[in-house]
Amino acid sequence: VEASIPEPQREAWTKHQVQGFTDKDGFEKEVVRHVETTLARSLYNCDEGAAYSAAALAFRDRLITNWNKTQQRQTFADSKRVYYLSLEFLMGRAMDNAMLNLGLKNVAKDGMQDLGFRIEDIIGQEHDAALGNGGLGRLAACFLDSLASLDYPAWGYGLRYRYGIFKQEIINGYQVEVPDYWLDFNPWEFPRHDVTVDIQFYGNVRKSQDENGKSVAHWEGGEIVTAVAYDVPIPGYATPSTNNLRLWSSKASSGEFDFQKFNNGDYESSVADQQRAETISAVLYPNDNLERGKELRLKQQYFWVAASLHDIVRRFKKSKRAWKEFPDQVAIQLNDTHPTLAIVELQRILVDKENLEWDEAWEIVTSTFGYTNHTVLPEALEKWSVGLFQHLLPRHLQIIYDINLFFLQSVEKKFPKDHDLLSRVSIIEESQVKMVRMAYLAIIGSHKVNGVAELHSDLIQTTIFRDFVTIFGADKFTNVTNGITPRRWLHQANPRLSELIASKTGGYDFLKDLTLLNQIEQYAGDKEFRKEWAEIKYANKVRLAKYIKSTLDVTVNPAALFDVQVKRIHEYKRQQLNIFGVIHRYLALKAMSPEERKKQLPRVSIFGGKAAPGYWMAKQIIHLINNVGAVVNNDPDIGDQLKVIFLEDYNVSKAEMIIPANDISEHISTAGTEASGTSNMKFVLNGGLIIGTCDGANIEITREVGQENIFLFGTLSEDVEDLRHQHNYSNHSIDSNLSKVFEAIQSGKFGEPNDFGAMISAVRDHGDYYLVSDDFESYLDTQKMVDTEYRNQDEWIAKCIRSVARMGFFSSDRCINEYAEGIWNVEPLVVKN
Ligand code: F55
């Protein structure tokens with residue numbers, strides 16, 4: 001700052017620099033000031049909503065000073081930056097996180113109390129920022145927290161959706177989607193009306209020759225939409241580093257908004273043009289692991305990618321460096337294939353606008369990008385029709401053809417006789433409708449490709465991308481196992497457990513170095529420690545039980561075993577296996593004498609999660625869970641022995657309440673289908689055990705916590721294909737316990753049987769693709785072991801303590817450090833306060 005202010009005025013500026021509150025009194029003063037002036041409300045009618053707004057504004061002011069300093073420091077140092085491109089950032093609430101990261105939560109708590117409010121109630125007023133579907137979006141949010149906490153100079157780039165993921169309501173047992181309008185009052189974003197980029201769509205490409213006879217492409221005509229930047233500060237934990245998340249919002253460009261029409265009185269159609277432009281950033285697509293090829297989605301992708309690259313290139317150009325230094329200044333990570341167009345856009349900028357030679361440009365491009373794959377499911381692999389591309393992005397399609405041509409030529413040179421190979425790895429799929437395969441483009445245009453857990457990274461290298469391993473060599477492919485931020489998922493979600501751990505490890509250093517958790521292992525046998533541990537778990541369960549009572553009017557016993565499966569609803573995640581297991585348990589209880597029933601371990605089966613609005617089967621699964629709950633929860637024979645709960649509208653802030661209350665959680669995907677999973681890590685870190693398949697990160701969790709501390713069951717991934725083959729080519733016999741479950745459903749016990757016909761047929765008649773029947777017996781056996789082991793509470797808690805002690809590996813800090821070293825080649829840049 002100081003350098004840019006002329007000497008005579010400098011004193012006045014520095015004298016009045018905002019310092020920010022540091023104590024309770026200062027905080028209260030800021031809250032009162034915001035209520036009176038910013039919100040223009042009388043102090044005597046300040047409700048919880050206004051109190052939240054004022055407290056949020058007070059914390060926002062605190063963040064801004066750190067944020068400005070960090071940005072200035074990064075500009076001054078001009079060192080290499082990381083850009084994380086993600087169509088989703090599932091942030092959740094910001095205020096609690098800001099208070100904790102600044103170390104001012106107690107100040108806020110006491111201050112709010114003085115003003116007549118409870119801090120939890122005030123925190124609860126905040127609307128989640130839900131700009132994501134599930135794991136992929138939440139991973140991006142955890143990464144931002146780690147990047148800032150580890151002082152990496154890093155930016156996130158995303159879209160500022162007007163509507164995030166829909167709000168889920170359950171009506172008569174069915175999911176109903178309600179729009180999530182979240183921007184009403186959002187103190188966490190800063191509109192930058194001066195930071196805009198004009199983005200072009202459609203039009204034509206004209207070729208000309210320059211003075212040296214070189215062919216030059218000109219993309220002309222079409223329409224222009226303007227991208228406006230909105231910045232969100234991302235505070236690190238216990239550091240002044242505060243990074244930037246830049247979200248783009250679309251609006252009609254001032255050139256585009258047709259003043260001619262407007263002045264001619266065609267007001268309606270000029271407003272319609274404006275609305276069409278705003279549609280681009282209007283809504284998050286609510287599908288997880290499914291790509292539907294909609295034009296608006298491709299428009300969103302290009303709009304966001306082009307605006308972000310323009311911004312990055314603009315920043316680079318300020319340094320006046322040679323283009324070949326671009327990869328020394330810039331690392332761009334592609335979160336899945338959604339931003340793959342960035343590869344093409346950078347090549348276009350370098351060749352068409354900056355006049356670099358193709359090969360020189362391509363070298364820069366490939367050194368800049370890294371690509372993270374999050375799925376092997378074929379229906380989730382992005383493909384766009386060539387026709388759509390030609391229409392929307394004609395110049396980009398030409399560049400893709402050229403990239404493909406040069407790539408295939410190099411392959412042919414290396415593997416001269418293998419024509420089949422060429423068609424297998426071509427970016428263009430030569431099908432009836434020609435398609436652009438985005439994952440192939442992402443691989444060819446990046447210097448590293450990573451999966452998100454060991455099994456997943458092995459699988460992509462041996463299945464969907466194996467030809468590319470042959471072509472590029474194994475070094476291009478790597479693994480970075482996912483992680484989670486312990487700040488939000490332990491300290492914020494479970495403050496009492498965090499405090500207990502701090503009391504035994506000499507403070508909160510473990511939140512910065514999660515491997516320090518290993519110090520609590522020695523207390524696994526300590527009676528007093530176990531007692532405190534159990535009390536905290538019980539209190540967390542009481543809190544969830546109260547929530548269940550208040551929202552669903554079902555009474556659950558906090559002493560029962562809480563068995564939780566919360567995640568997006570998907571056949572591959574097998575919530576159907578879980579609910580079939582619950583039905584089996586119910587039938588077994590019904591068949592018992594009352595005395596025998598009483599002897600069983602009481603259990604609460606808790607479900608939560610959204611189904612994509614167009615995913616009919618997933619919606620039927622929700623319906624069945626609710627119908628089973630309606631029967632079981634009202635059956636006087638059953639009482640506390642079994643309750644079945646479906647929690648409405650699962651989101652980040654609800655996860656923070658639900659996860660600390662788990663005894664066991666279910667991560668039961670068909671082996672080989674869940675790339676990693678991240679809630680599995682959150683559940684164990686909060687002192688629960690897992691029932692899971694040998695899939696994704698479950699395998700590494702087992703390696704870390706020890707196989708005596710996890711309940712694994714089911715088919716191994718290497719056996720899945722054979723079993724599927726057998727289902728299709730021989731008579732497929734269904735597990736006998738599962739058949740009884742089907743009979744119960746078909747008897748009408750759980751509502752109209754026709755509603756669930758397709759769900760049963762999928763298993764019985766249509767090949768059981770997800771191996772529900774194959775795994776049913778081992779699932780039930782494993783659940784039986786869970787019941788038995790839970791009865792020995794001392795040993796159970798000891799297992800939980802040992803597991804938590806061994807979870808250090810799963811911090812997103814470890815994960816980000818691996819990316820920084822192995823893929824980005826960036827170093828931290830410490831900011832001093
Ligand atoms: C969203 C949109 C599309 Cl088009 C495709 C996928 C998604 C999406 O939400 N994917 C997703 O959440 N994937 C998950 O990523 C997590 C983080 O890596 C993994 O843990 C999880 O296994 C994977 O399913």
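All values reported here derive from a predicted model rather than from experimental measurement. The figures that follow rest on heavy atoms only: side chains count, while hydrogens, waters and symmetry mates do not. Nothing fancy with the numbering, it's 1 onward along the sequence. Each ligand, and each atom within it, is numbered from 1 in the order the structure gives.
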Query raised in the report: How about H396 and E345: does a side-chain donor come under 3.5 Å of a side-chain acceptor?
Result: yes

Query raised in the report: For E721, what residues pass the side-chain contact (heavy atoms from CB on, under 4.5 Å) criterion, not counting sequence neighbours?
Result: none

Query raised in the report: Quick one: nearest non-hydrogen protein atom to atom 5 (C) of ligand 1, plus distance?
Result: N289 N, 3.4 Å

Query raised in the report: What protein heavy atom sits nearest atom 2 (C) of ligand 1, and how far away is it?
Result: N287 O, 3.2 Å

Report summary line: With heavy atoms and a 4.0 Å threshold, my read on which part of L136 contacts ligand 1 is both

Query raised in the report: Do the side-chain N and O atoms of D695 and T670 include a donor-acceptor pair separated by under 3.5 angstrom?
Result: no

Query raised in the report: For S281 and W248, does a side-chain donor sit closer than 3.5 Å to a side-chain acceptor?
Result: no

Requested in this report: Report the part of H338 in contact with ligand 1, treating N, CA, C, O as backbone and CB onward as side chain, heavy atoms under 4.0 Å; options are side chain, backbone, both, neither.
Outcome: side chain

Query raised in the report: Is it true that the side chains of Y779 and E666 contain a donor and an acceptor less than 3.5 Å apart?
Result: yes

Report task. Determine whether the side chain, the backbone, both or neither of L87 has a heavy atom under 4.0 Å from any heavy atom of ligand 1. Result -> neither

Query raised in the report: Below 3.5 angstrom, do we get any N/O pair linking S676 and ligand 1?
Result: yes

Report summary line: Contact region, K567 to ligand 1, non-hydrogen atoms below 4.0 Å, reads neither

Requested in this report: From atom 18 (O) of ligand 1, work out which of R292, H374, R138, H456 has a heavy atom at the shortest distance.
Outcome: H374

Query - ligand 1 atoms in contact with N133 (distance to a heavy atom under 4.0 Å) - result: 9 (O)

Query raised in the report: Between F143 and N335, is any pair of side-chain heavy atoms under 4.5 Å apart?
Result: no

Requested in this report: Check each heavy atom of D288 against ligand 1 and say whether those closer than 4.0 Å belong to the side chain, the backbone, both or neither.
Outcome: both

**Report entry** The single option from I427, L298, L388 passing side chain to side chain contact (heavy atoms under 4.5 Å, CB included) against V436
**Finding:** I427

Report task. Within a distance under 4.0 Å of any heavy atom of E88, pick out the atoms of ligand 1 and give their elements. Result -> 1 (C), 2 (C)

Query raised in the report: So, does T337 use its side chain to make a donor-acceptor pair with the main chain of A439 at under 3.5 Å?
Result: no

Report task. Show which atoms of ligand 1 fall inside a sub-4.0 Å distance from at least one heavy-atom site of E291. Result -> 4 (Cl)

Report task. Ignoring hydrogens and angles, state whether a donor on the side chain of N133 or R568 is under 3.5 Å from an acceptor on the partner side chain. Result -> yes

Query raised in the report: Under 3.5 Å, N or O to N or O, is E674 touching ligand 1 that way?
Result: yes

Query raised in the report: Side chain, backbone, both or neither: which part of A675 has a heavy atom under 4.0 Å from ligand 1?
Result: both

**Report entry** Partners meeting side-chain contact (heavy atoms from CB on, under 4.5 Å) with T715 (sequence neighbours left out)
**Finding:** D719, V720, L723, L771, D774, D775

Query raised in the report: Relative to the heavy atoms of Y572, which atoms of ligand 1 are at a distance of less than 4.0 Å?
Result: 24 (O)

**Report entry** Donor-acceptor side-chain pairing of D813 and S146 below 3.5 angstrom
**Finding:** yes

Query raised in the report: Identify the closest protein heavy atom to atom 20 (O) of ligand 1: which residue and atom is it, and at what distance?
Result: G677 N, 2.8 Å

Requested in this report: Give me the one residue out of K573, K567, E674 that meets side chain to side chain donor-acceptor pair (under 3.5 Å) with H667.
Outcome: K567

Query raised in the report: By number and element, which atoms of ligand 1 are closer than 4.0 Å to a non-hydrogen atom of R297?
Result: 4 (Cl)

Query - Backbone or side-chain N or O of N482 under 3.5 Å from ligand 1 N or O - result: yes

Query raised in the report: Going by the atom numbers of ligand 1, which of them fall below 4.0 Å from some non-hydrogen atom of L290?
Result: 4 (Cl)

